[in-house]
Number of protein chains: 2
Amino acid sequence: MNPQFHKGVIEMCVLSLVSARDRYGYELVEAISTELPISEGTIYPILRRLTQEGYFETYLQESNEGPPRKYYRMTRKGRSFTDSTAKEWTQFAKSVDRLLNQKN
Amino acid sequence: MNPQFHKGVIEMCVLSLVSARDRYGYELVEAISTELPISEGTIYPILRRLTQEGYFETYLQESNEGPPRKYYRMTRKGRSFTDSTAKEWTQFAKSVDRLLNQKN
DNA sequence: AGGCAGTACCGTGCAATGCAAGGTACTGTG
DNA sequence: CACAGTACCTTGCATTGCACGGTACTGCCT
């Protein structure tokens, strides 16, 4: 898989998954890994950045399977950002398809 | 448009367009610009790199509308690379769609 | 004649981001 | 008590798009 394709898209996937329900980092790594090859070193910096930018709020919750989990909850600002990013992606994918199918 | 989405994809569009028929740089900028906002500073380095990697061959052709055009012709190696890149893209886009529509 | 818009090429340096690699620490099981 | 699994985190590198700047040729308008 061309790793460059991932640029910007993994952030969008994180946004989308957190918008569906609260998530913790390790969980996101596992969820995205089912579809795309990624590592923890990718996710944690994204979570930190999106939190700093006001798209996420965090809270800790103890777990009986290891250390406490840091959950990410989407803010209203985050929700609107997620929506516009997803729309941009859809538009972008359509544009690329048109270019790939252009036969002259 | 999130500029990060472009990473790797513009290269693929260049490959696809040259695979349909020989193209020169400025022409590619115009063709891709109809769908995605890009600049010449993006295309020329890509063309240089793909040529160095053996995916393109070049030849000059005079024009009556300005300076001579440098045409890019796809090699066999380039054709196989284009095919696998396009397949990867299709697969990738499907994976992203699945992640975006994952509602729990 | 001179200037300008359009065509066409090229290079440099910055910003963004994914990832490899490494580290810490908690829990339950063999 | 070691180890696998869970869970967090940081640093530095590589890639790549793009802003910006530069060169040069053609034809048109004044």
Side-chain angles (χ1 to χ4, degrees), chain A residues 1-15 22-33 35-53 55-56 58-72 85 88-89 92 95-96 99, chain B residues 1-15 22-33 35-53 55-56 58-72 85 88-89 92 95-96 99:
Chain A
M1 179 69 72
N2 186 335
Q4 295 300 323
F5 289 163
H6 290 187
K7 301 273 174 178
V9 174
I10 296 185
E11 176 183 295
M12 179 181 60
C13 292
V14 167
L15 286 164
D22 296 2
R23 310 263 188 175
Y24 57 98
Y26 194 80
E27 183 188 10
L28 288 165
V29 175
E30 290 190 313
I32 299 175
S33 289
E35 297 288 350
L36 303 173
I38 50 149
S39 70
E40 299 182 43
T42 305
I43 296 298
Y44 289 111
I46 287 177
L47 289 170
R48 203 193 323 150
R49 195 177 66 244
L50 292 174
T51 305
Q52 255 166 356
E53 289 169 352
Y55 300 133
F56 292 157
T58 67
Y59 56 95
L60 283 176
Q61 195 161 293
E62 284 175 32
S63 158
N64 49 359
E65 293 170 77
R69 297 167 174 167
K70 190 192 248 182
Y71 275 87
Y72 293 83
T85 302
E88 277 183 5
W89 168 256
F92 172 73
S95 291
V96 173
L99 283 169
Chain B
M1 179 70 71
N2 185 336
Q4 294 301 322
F5 289 163
H6 290 187
K7 301 274 173 177
V9 175
I10 296 185
E11 176 184 295
M12 178 180 59
C13 292
V14 167
L15 285 164
D22 294 4
R23 310 262 189 175
Y24 57 98
Y26 194 80
E27 183 189 10
L28 288 165
V29 175
E30 290 189 314
I32 298 176
S33 289
E35 296 289 349
L36 303 172
I38 50 149
S39 69
E40 299 183 43
T42 304
I43 296 298
Y44 289 111
I46 288 177
L47 289 171
R48 205 190 323 149
R49 196 178 65 243
L50 292 175
T51 304
Q52 255 166 356
E53 289 169 353
Y55 300 133
F56 292 157
T58 66
Y59 56 94
L60 283 176
Q61 196 162 293
E62 283 175 35
S63 158
N64 49 358
E65 293 170 76
R69 299 166 172 166
K70 191 193 249 182
Y71 275 87
Y72 294 81
T85 302
E88 277 183 5
W89 168 257
F92 173 73
S95 291
V96 173
L99 283 169

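Here is how names work: the chains are called A, B, and so on, in the same order as the sequence lines, proteins then strands, and each is numbered from 1.
- Here the straight-line distance linking atom CD1 of Ile43(B) with atom OH of Tyr72(B) works out to 10.5 Å at 0.5 Å rounding.
- Within the 4.0 Å cut-off from OP1 or OP2 of dA7(D), at least one side-chain nitrogen or oxygen of Ser63(A) is found.
- Proximity of Phe5(B) to Met12(A): side-chain heavy atoms (C-beta onward) are separated by under 4.5 Å at one or more points.
- Contact check for Tyr71(A) versus Phe56(A): no side-chain heavy atoms found under the 4.5 Å cut-off.
- Here dG11(C) presents its P atom at 14 Å from CZ of Arg49(B), a figure rounded to the nearest Å.
- Residues Thr58(A) and Leu47(A) are not in side-chain contact: their nearest non-hydrogen atoms beyond the backbone lie 4.5 Å or more apart.
- No side-chain heavy atom of Thr42(B) sits less than 4.5 Å from a side-chain heavy atom of Val29(B).
- In this structure, Gln4(B) places its CD atom 5 Å from C1' of dA16(C), rounding to the nearest Å.
- What separates CG of Leu36(B) from P of dT16(D) is a distance of 17 Å, to the nearest Å.
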Open item on the list: Pair Tyr44(B), Tyr26(B) - check side chain to side chain contact (heavy atoms under 4.5 Å, CB included), show working.
Closed with: CA-CA 9 Å; Tyr44(B) 289 111; Tyr26(B) 194 80; 3.9 Å; yes
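- Checking the phosphate oxygens (OP1, OP2) of dG17(D), no side-chain nitrogen or oxygen of Ser39(B) falls inside 4.0 Å.
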TODO: Can you check each nucleotide of nucleotides 8-13 of chain D against protein heavy atoms at under 4.0 Å and return B for base, S for sugar-phosphate only, - for none, in 5' to 3' order?
DONE: BBB---
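- Summarising the geometry, the separation between CG on Asn2(B) and P on dA15(C) is reported as 18 Å, rounded to the nearest angstrom.
- In this entry the distance linking CD1 of Ile46(B) with C1' of dG17(D) reads 8 Å, nearest Å.
- For the contact set between residues 5-15 of chain B and DNA chain D, defined by any heavy atom under 4.0 Å, the members are His6(B), Lys7(B), Gly8(B), Ile10(B).
- Using a 4.5 Å cut-off on side-chain heavy atoms (C-beta onward), Leu36(B) and Leu99(A) make contact.
- Rounded to whole Å, atom P of dC18(D) lies 8 Å from atom CD1 of Ile43(B).
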- [ ] Test Phe92(A) against Met1(B) for side chain to side chain contact (heavy atoms under 4.5 Å, CB included), laying out the working first.
- [x] CA-CA 8 Å; Phe92(A) 172 73; Met1(B) 179 70 71; 3.7 Å; yes
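- The separation between Leu50(B) atom CG and dT15(D) atom P is 14 Å, rounded to whole Å.
- Counting to the nearest Å, the P atom of dA7(D) and the CD atom of Gln61(A) are 11 Å from each other.
- Between Glu11(A) and Arg49(A), at least one side-chain nitrogen of the basic residue sits less than 4.0 Å from a carboxylate oxygen of the acidic one, meeting the salt-bridge criterion.
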